[in-house]
Amino acid sequence: MIRPILSIPDPVLREKSAPVEKFDDELRKLAADMLETMYKAPGIGLAAIQVGIPKRLLVIDLAKKDEPPQPQIFVNPEITAKSEEKAIYEEGCLSIPEYYEEVERPSRVTVRYQDEHGAEKTVEAEGLLSTCLQHEIDHLDGKLFIDYLSKLKRDRVVKKFTKIAKEKAREEEGAE
Ligand code: K1U
Ligand code: ZN
């Protein structure tokens with residue numbers, strides 16, 4: 001099931017997500033829905049809070065167009081080590097559609113997490129996986145990639161999306 005993705009300035013995106021305690025079919029259905037939603041968008045990652053569910057769950061698929069899908073599910077992910085070395089990537093966010101900016105982050109991270117059945121895992125990530133994991137784990141703490149930009153850039157993008165949200169609300173009122 002495809003779920004609607006929240007956009008800024010929705011305050012839910014600023015909530016801190018709670019740890020997952022139950023590894024049941026409901027959790028696995030949510031992860032499957034998130035993957036379907038991410039593929040449809042399209043995107044390469046999605047955190048549960050972006051579909052309005054404040055749980056520490058995220059999905060990623062970095063397969064290229066000509067490769068078979070490589071869905072990855074991370075439950076209760078935690079960064080346990082970060083490199084001193086930094087990398088700059090142009091990031092986007094499905095909650096800030098069609099807005100891309102360069103962000104500097106540690107180039108490598110070690111992430112401890114659980115899979116959808118509760119098994120403990122660790123991944124040492126570099127490149128796009130490292131950037132994507134840091135971006136998605138930030139979502140679980142209510143942080144967005146625009147928080148790394150200058151106040152001027154951030155204010156500008158928030159203003160633009162606030163205007164869009166107000167126009168949409170007015171249209172919906174008119175349709176009633
Ligand atoms: O968390 C999100 O909002 C998803 C986001 C993940 C991300 C992208 C780039 C750097 C860090 C994290 C996206 O997927 S934005 C869309 C995007 O990157 C993309 C869309 C179509 C094809 C390839 C990439
Ligand atoms: Zn995002």
Side-chain angles (χ1 to χ4, degrees), residues 1-18 20 30-79 82-83 85-111 113 116 123-150 153-162 164-165:
M1 181 181 94
I2 289 166
R3 301 190 182 217
I5 298 176
L6 305 181
S7 297
I8 61 164
D10 194 318
V12 171
L13 290 166
R14 293 305 191 172
E15 285 180 19
K16 191 174 164 75
S17 298
V20 170
L30 173 58
D33 285 356
M34 286 169 56
L35 283 163
E36 199 182 338
T37 304
M38 179 191 79
Y39 291 131
K40 170 87 194 316
I44 55 172
L46 192 70
I49 194 69
Q50 292 179 276
V51 291
I53 311 286
K55 286 187 178 170
R56 300 191 80 81
L57 164 67
L58 62 91
V59 297
I60 290 178
D61 192 331
L62 301 180
K64 303 212 173 72
K65 268 190 190 155
D66 55 346
E67 291 174 347
Q70 290 161 28
Q72 301 184 70
I73 298 170
F74 297 84
V75 185
N76 298 328
E78 261 179 75
I79 296 176
K82 294 176 180 182
S83 64
E85 192 194 330
K86 309 281 184 199
I88 296 176
Y89 269 91
E90 188 170 78
E91 298 192 17
C93 182
L94 297 176
S95 297
I96 314 173
E98 289 166 45
Y99 182 75
Y100 296 87
E101 282 287 348
E102 287 187 338
V103 176
E104 184 181 88
R105 299 182 187 267
S107 47
R108 292 177 304 282
V109 287
T110 306
V111 175
Y113 66 101
E116 66 274 29
V123 62
E124 283 177 21
E126 58 179 7
L128 186 55
L129 179 59
S130 170
T131 296
C132 199
L133 274 167
Q134 292 177 69
H135 176 117
E136 301 306 335
I137 292 170
D138 273 352
H139 272 301
L140 306 184
D141 294 321
K143 193 161 182 165
L144 299 169
F145 85 94
I146 53 171
D147 299 342
Y148 295 94
L149 308 180
S150 67
K153 280 188 178 172
R154 188 169 57 252
D155 287 352
R156 209 184 278 158
V157 68
V158 170
K159 196 173 162 194
K160 180 182 158 189
F161 279 87
T162 302
I164 293 170

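Read the numbers this way: they start at 1 and go in the same order the structure lists the ligands and their atoms.
Residues F161 and I96 have side chains in contact (heavy-atom distance under 4.5 Å, counting atoms from C-beta outward). By the 4.5 Å heavy-atom criterion applied to side chains, E136 and V59 are not counted as neighbours.
By the neighbour-count criterion of 12 heavy atoms within 6.0 Å, atom NZ of K86 is densely surrounded, having more than that number from other residues, nucleotides or ligands.
Using a 4.0 Å cut-off between a side-chain N of Lys or Arg and a carboxylate O of Asp or Glu, E101 and K153 qualify as a salt bridge. A salt bridge does not link R14 with D141: every distance from a Lys NZ or Arg NE/NH1/NH2 to an Asp or Glu carboxylate oxygen is 4.0 Å or more.
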>> Applying side-chain contact (heavy atoms from CB on, under 4.5 Å) to M38 and Q50, what does each step give before you reach the verdict?
In response: CA-CA 10 Å; M38 179 191 79; Q50 292 179 276; over 6 Å; no
>> For Y113 and L58: C-alpha separation, side-chain torsions, deciding distance, then whether side-chain contact (heavy atoms from CB on, under 4.5 Å) applies.
In response: CA-CA 10 Å; Y113 66 101; L58 62 91; over 6 Å; no
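Panel detail: the Zn ion (ligand 2) has protein N, O or S atoms under 2.8 Å away, 3 in number.
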Does ligand 1 have any N/O pairs with the protein under 3.5 Å, and how far apart?
from: ligand 1; atom 1: 1 (O); to: Q50; atom 2: OE1; distance (Å): 3.3
from: ligand 1; atom 1: 1 (O); to: H135; atom 2: NE2; distance (Å): 3.2
from: ligand 1; atom 1: 1 (O); to: E136; atom 2: OE1; distance (Å): 3.0
from: ligand 1; atom 1: 1 (O); to: E136; atom 2: OE2; distance (Å): 2.6
from: ligand 1; atom 1: 1 (O); to: H139; atom 2: NE2; distance (Å): 3.4
from: ligand 1; atom 1: 3 (O); to: Q50; atom 2: NE2; distance (Å): 2.9
from: ligand 1; atom 1: 3 (O); to: L94; atom 2: N; distance (Å): 2.7
from: ligand 1; atom 1: 14 (O); to: I44; atom 2: N; distance (Å): 2.8

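With a 6.0 Å cutoff to the six-membered ring centre and a 45° limit on the axis angle, R105 counts as a cation-pi contact of Y148.
Listed for the D61 side chain is a donor-acceptor partner under 3.5 Å among the backbone atoms of A63.
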